Amino acid sequence: MRSARRTRRPAPAANPRSDAAACTWTTERILALGATTDLATAAAILGISRSAAYKLAARDAFPVPLFRAGAHYRVPTAPILRKLHLESPPVPTSGDTGGAGADGDGGHSGADRDTTGCRPPP
């Protein structure tokens, strides 16, 4: 005998408006990403799906400049801000950095630290 087929239904979201508000990209949240970010995060900021972003990157047609580092794409955050017509970050002078980078972390961009809470799903 065959068992009855069951379909899975997703659980309803508690409050869809609060989920959307939690993932709103502001200038401060983009700046908190650091100097660069990954392609999936840049796509989420620009409102592009992840798969479309990788297709555009492969054709050199992504809306902002990017570069490939090994097997990964990196996208600078300053061009994202310019594309969205937002303020660009202030440029530190040579006396402000102390030789360790603008944020004092030894020159690391901070892109691997997710302080925004709004990463796209894997």
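Each residue takes its place number in the sequence, starting with 1. Not measured: the values here are computed from a predicted model.
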Tell me whether Arg68 contacts the main-chain N or O of Gly70 through its side chain, where contact means a donor paired with an acceptor under 3.5 Å. yes
If only atom types and distance count, is the side chain of Arg29 paired as donor or acceptor with the main-chain N or O of Thr24 below 3.5 Å? yes
Nearest atoms (heavy-atom pairs only) where Leu33 meets Thr77: CB-CG2, 4.2 Å
For residues 55-66, tabulate all N or O donor-acceptor pairs below 3.5 Å that involve a side-chain atom, not counting sequence neighbours.
none

Mind checking whether Ile45 and Val75 have side chains closer than 4.5 Å, heavy atoms only? no
In the structure I gave you, are the side-chain heavy atoms of Leu31 and Thr26 within less than 4.5 Å of one another anywhere? no
Nearest 0.5 Å, please: how far is CH2 in Trp25 from CG in Leu46? 10.5 Å
Are Ile80 and Thr37 close enough that some pair of their side-chain heavy atoms sits under 4.5 Å apart? yes
